[in-house]
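As C-alpha cells, the structure follows; a few thoughts come after it.
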Amino acid sequence: MDLLRLITAGSVDDGKSTLIGRLLYDSKSIMIDQLEAIGKQSRNKENGEIDLALLTDGLRAEREQGITIDVAYKYFSTPKRKFILADAPGHIQYTRNMVTGASNADLAIILIDARKGVIEQTKRHSIIASLLGIKHVVVAINKMDLVNFSEDVFSNIVVEYSRVALELKLKDIKYIPISALLGDNIVEKSDQMNWYEGETLLHWLETIQVNRDVNLKDARLPVQYVIRPQTDDLHDYRGYAGKITSGIYKVGDKVSVLPAGLESTIKSIEVGGVGVKEAYAPQGAVIQLQDDIDISRGDLIVKSENLTEVTQEFEVLLTWMDAKPLKPGNKYLLQLNSKQVMSVVKEIEFKLDVNTLEKLQLPESVGLNDVVKAKIKTASPVAIDKYSVNKATGSAILIDETSHSTVGALLIQ
Amino acid sequence: MYSFDYLDQLESEAIHILREVAGQFERPALLFSGGKDSITLVRLAEKAFRPGKFPFPLVHIDTGHNFPEAIDFRDQLVQRLGEKLIVGSVEETINEKKLTEPKGKFASRNALQTYTLLEVIEKYGFDACIGGARRDEEKARAKERIFSVRNEFGQWEPKLQRPELWNIYNGRISKGENVRVFPISNWTELDVWNYIRREKIELPSIYFSHERNCISFQDQWVAVSPFVTIDEDDHIEKRRVRYRTVGDMTCTAAVESNASTIDEIINEIIATKTSERGETRIDDKVSEAAMEDRKKNGYF
C-alpha cells in the first residue's frame with residue numbers, strides 16, 4: 001500500500017467540501033459520532049439534510065462564516081492506498097493557503113461547476129498547480145446533475161480546459177464528470193452517464209502511478225543533525241543525519257559536501273539504526289564518511305559526480321505571504337531545507353497575475369498573495385537546484401527576523 | 001526495487017521532523033503520556049538518534065489519575081531506553097497554586113494539566129515540546145501546523161498560524177514563546193496500530209482485553225477507580241474491555257472487547273464505526289469547539 005498526497009482547491013459553491021465529504025463518507029472514513037455531530041449542526045441550519053461540508057471546516061470562525069479559511073488535512077484510505085488530502089480555500093485572498101497546500105501534493109483536483117465552465121478561479125488554481133510543479137491533475141466537472149448529465153456540456157468544458165492545460169504545460173490530465181452531491185462517478189459508476197467510459201474519481205486516485213515521480217537520479221542529503229555518541233565504544237562515531245530528498249547513496253560513493261566543496265567517501269550508511277549498503281529517497285539516513293572533515297547542520301551531501309549549483313545570487317518565483325508588504329532591499333532569513341542564511345530580496349522583475357499569467361513589469365508594490373519574479377542575494381554561498389528539476393533543493397522560505405513569521409515561499413528558477 | 005510503502009513514508013517524515021527539532025532548538029522535550037502515540041514517538045526517536053542519546057528528555061505530566069499499568073510501563077520503558085524522564089505533578093501544582101479541583105462524578109484534572117505543563121516548560125526553559133497529537137483525531141487538530149507556535153501563555157492562535165510549506169519547518173520564536181511539534185500529525189489511528197504491529201512495539205497491558213469492574217455512563221464503560229464517584233444508581237459490572245486511548249481514569253472510557261493481540265485490535269479498529277475520541281473520551285463532547293478552546297488555552 002502506498003501514499004498519495006493530493007489537494008483540492010475551490011470554494012463552497014463549487015461543491016468542494018461536499019466532494020471531500022463524499023470521498024470520506026463513501027470510503028467509510030467517517031465515523032458515526034462524527035456524522036452525529038454534523039447532523040446536529042446541519043439541523044441548526046434548518047435544512048434537514050446532513051451537510052457533508054461541515055466535516056471539513058474545523059475552526060469555529062469557519063463554521064460561523066461557512067467558509068474555509070485555512071488548509072485542513074483529511075485522511076482516508078482504501079485497501080489500495082492511503083490518501084492525505086489538503087483541503088485549501090479557493091478564493092484569491094487565500095492564495096497563500098493554496099500554495100501551502102499544493103507544496104506537498106502529488107496530485108491536484110481542479111473542480112469545475114458544470115453550469116459555469118472554466119472560470120477565473122479554475123485558471124488560478126491551475127496556474128498555482130503548475131507553478132508548484134504538481135505532476136497530475138484531475139479535472140472534476142461537478143454538478144452534472146444540474147445540467148441533465150449532458151455529454152455536450154462535459155465535452156465543451158474538456159475542450160475549454162485543454163487550452164488552459166496547453167498554455168500551462170500541464171501534462172497528465174484526467175477529466176471526470178461527477179455529481180458530488182449524489183455520488184455519481186465518485187466511488188460508484190454513474191448510471192446517468194453511460195456515455196462516460198472512464199474511471200470513477202476514487203478508482204483513478206487509487207490507481208494513478210506516482211512512485212515514478214520520486215527523483216532517484218540526483219543524490220541530495222541535507223544534514224539536519226550530527227550524531228556523536230562520544231561513548232567509549234563509539235568514541236570516533238560521527239554520523240550525519242538527514243533525509244535523503246532525492247537520489248541513492250551507496251557505501252563507497254565519492255561525495256562532496258556543499259557549499260564548501262570538501263570531498264570524501266561514504267564509510268557507512270544506517271537507516272533506522274540498522275547498517276545498510278545503500279539508502280534512497282525519501283529515507284532518513286545517517287552517513288559516516290572516511291575523512292574527518294568539518295560538516296554541520298545546513299550542509300548538503302551530494303555525489304561528487306552530480307553537484308548542485310553553488311551561488312550567492314539566484315532568481316526565484318516568490319509568493320508573498322505576509323500582511324506587511326514586501327520591500328525590495330529588506331533583509332530576510334532564508335531557509336532552504338536545514339540551511340538558514342541571511343538574504344536580501346533585490347530587484348523585482350515582474351508581478352504575475354495568477355488569474356491570467358500576465359506579467360506586470362516593475363510593480364510598484366508587492367503585497368499578500370502576490371507572486372513575483374525576483375532576484376535573491378544571500379550572505380554566504382548556498383547549494384541550490386532549480387525547482388523544476390528538484391523540488392526539495394529548489395524550494396525555500398523567507399522568514400521575517402523581527403516577527404519570525406514565514407513571509408515568502410521561493411521557487412528557485 | 002526502490003519501493004517505499006506508506007508506513008515508510010510516514011516514518012521518514014516523522015524522523016525528519018524529530019531531527020529538525022534537535023537541529024533548531026536549544027532545549028526541546030518530548031511529552032510522554034504513556035499512550036500508544038507517545039510510545040510510537042519514542043520508537044521514532046530511537047530511529048532518529050541512535051546510536052546517540054536523545055537530544056531531549058521525556059516529560060510526563062502526571063495528573064495522579066493515571067492508570068497504574070501506564071505508569072509502570074513508563075518506568076520500565078525509561079529504564080530500557082536509558083534516557084532522562086521529568087515528571088510534572090498536577091497534584092503538586094494544585095497544592096502550590098491553590099487551584100480548585102473540578103467537582104462532579106468524573107472530576108477530571110485534564111484541564112489542570114495545562115497549568116503543570118506550562119510550569120514545567122518555564123522551569124526547564126523548554127523551547128519546543130514534541131507531542132503525539134494526530135490530525136485525524138479531531139477537526140481543530142486537522143488545522144494545526146506540525147510546528148505550532150504558542151505564545152508565552154502556551155496559547156494556540158489559529159488565525160496567526162505560519163504557512164508551512166514543503167518539508168521546511170520554521171521554528172524561530174521570541175523569548176518566552178515555545179513551539180509544539182507534532183511529528184505524527186499525518187498518521188491515523190490505524191496507521192499507528194499498523195506501525196506498532198510492524199515494529200513489534202510493546203504497549204501497556206490496558207490496551208489489550210482484560211476484565212475490569214466498570215460502570216455504565218452515557219453508553220460508555222468507565223472503570224471503577226478511587227477517582228470516580230460511584231453513586232447509588234450506578235451498577236458495577238465486571239466487563240471484558242480494552243482501552244483504545246490512554247488518558248486519565250476519570251475521562252477515558254473503555255470499549256468492550258475480546259481482542260488480546262495487535263492483529264485482533266487492528267481488525268476491530270477497521271470494523272469500528274466510532275472514532276477514537278468519540279468512543280473513549282468523556283471530555284470532548286462538551287461542545288463542538290471543545291478541543292479548539294482547550295488548545296487556545298495552552299493545552300497540548
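Note on naming: letters A, B, ... go to the chains in the order of the sequence lines (proteins, then strands), and numbering restarts at 1 for each one. Since the structure is predicted, the reported quantities are computational estimates derived from the model, not experimental observations.
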- Query: Is there a donor-acceptor pair under 3.5 Å between the side chain of Ser12(B) and the backbone N or O of Pro282(A)?
  - Reply: yes

- Query: Just wondering, do Val71(A) and Lys143(B) contact through their side chains at under 4.5 Å, heavy atoms?
  - Reply: no

- Query: Which bit of Leu333(A) comes within less than 4.5 Å of chain B, counting heavy atoms only: side chain, backbone, both or neither?
  - Reply: side chain

- If you tally heavy-atom pairs under 4.5 Å against chain B, which of Gln224(A), Lys391(A), Lys243(A) wins? Gln224(A)

- Message: Working note: Arg172(B) + Gln335(A), criterion side-chain contact (heavy atoms from CB on, under 4.5 Å); need CA distance, chi angles, decisive distance, verdict.
- Response: CA-CA 11 Å; Arg172(B) 305 280 292 195; Gln335(A) 186 174 344; 5.7 Å; no

- Quick one: does Lys82(A)'s side chain get under 4.5 Å of Asp191(B)'s, heavy atoms only? yes

- Could you give the distance from OG (Ser405(A)) to CD (Gln161(B)), rounded to the nearest 0.5 Å? 12.0 Å

- Spacing of CG belonging to Leu132(A) relative to CG belonging to Leu165(B), to within rounding of 0.5 Å: 8.0 Å

- Message: Non-hydrogen contacts under 4.5 angstrom with chain B: give the residues of residues 394-402 of chain A involved, or none if there are none.
- Response: Ser395(A), Ala396(A), Ile397(A), Ile399(A), Glu401(A)

- Contact check, side chains of Tyr225(A) and Phe49(B), non-hydrogen atoms, under 4.5 Å: yes

- Side chain of Asp8(B), backbone of Gln283(A): donor and acceptor closer than 3.5 Å? no

- Query: Where along residues 226-234 of chain A does a heavy atom come under 4.5 Å of chain B, listed by residue number?
  - Reply: Ile227(A), Pro229(A), Leu234(A)

- Interchain contact, Arg145(B) with chain A, by part (heavy-atom threshold 4.5 Å): side chain

- Task: Using non-hydrogen atoms and a 4.5 Å limit, figure out which bit of Val99(A) sits close to chain B: side chain, backbone, both or neither.
- Result: both

- Hey, which of Glu164(B), Lys47(B), Arg135(B) has the most heavy atom pairs under 4.5 Å with chain A? Arg135(B)

- Residues forming a side-chain hydrogen bond (donor to acceptor under 3.5 Å, both in side chains) with Gln24(B), sequence neighbours excluded: Glu20(B)

- Query: Between Asn186(B) and Tyr73(A), do the side chains contain an N or O donor and an N or O acceptor separated by less than 3.5 Å?
  - Reply: no

- Message: Counting heavy-atom pairs closer than 4.5 Å to chain A, which one of Ile173(B), Leu44(B), Leu190(B), Ile15(B) comes out on top?
- Response: Ile173(B)

- Query: Between Arg19(B), Gln9(B), Arg162(B), which residue shows the highest count of heavy-atom pairs closer than 4.5 Å to chain A?
  - Reply: Arg19(B)

- Item | Portion of Ile248(A) that has a non-hydrogen atom of chain B nearer than 4.5 angstrom | side chain

- Query: Tell me, do Glu270(A) and Arg50(B) make a side-chain contact under 4.5 Å, heavy atoms counted?
  - Reply: no

- For chain B, the option from Ser338(A), Ser403(A), Ala285(A) that forms the most heavy-atom pairs under 4.5 Å: Ala285(A)

- If you tally heavy-atom pairs under 4.5 Å between each of Gly239(A), Gly242(A), Ala392(A), Gly101(A) and chain B, the highest tally belongs to Gly242(A)

- By ring pair (Phe, Tyr, Trp, His ring centres under 6.0 Å) - contacts of Tyr332(A) (at least two apart): Trp320(A)

- Looking only at Asp5(B), Leu10(B), Asn170(B), Val149(B), the option with the highest number of non-hydrogen pairs under 4.5 Å against chain A is Asn170(B)

- Message: What's the separation between atom OG1 in Thr188(B) and atom OH in Tyr75(A), rounded to the nearest 0.5 Å?
- Response: 9.0 Å

- Query: So does Arg27(B) have more than 12 non-hydrogen atoms from other groups sitting under 6.0 Å from CZ?
  - Reply: no

- For residues Asp2(A) and Tyr6(B), determine if any side-chain heavy atom of one lies less than 4.5 Å from a side-chain heavy atom of the other. no

- Message: So Asn167(B) and Asn104(A), do their side chains get closer than 4.5 Å, heavy atoms only?
- Response: yes

- Message: So for Ala102(A), is it side chain, backbone, both, or neither that comes closer than 4.5 Å to the heavy atoms of chain B?
- Response: neither

- Message: Test your reading of the model: is there a side-chain donor-acceptor pair from Ser103(A) to the backbone of Trp166(B), 3.5 Å cut-off?
- Response: yes

- Top residue by heavy-atom pair count (under 4.5 Å) with chain B, among Met1(A), Arg96(A), Gln340(A)? Met1(A)

- Query: Any Lys/Arg nitrogen of Glu13(B) or Arg5(A) sitting under 4.0 Å from an Asp/Glu carboxylate oxygen of the other?
  - Reply: yes

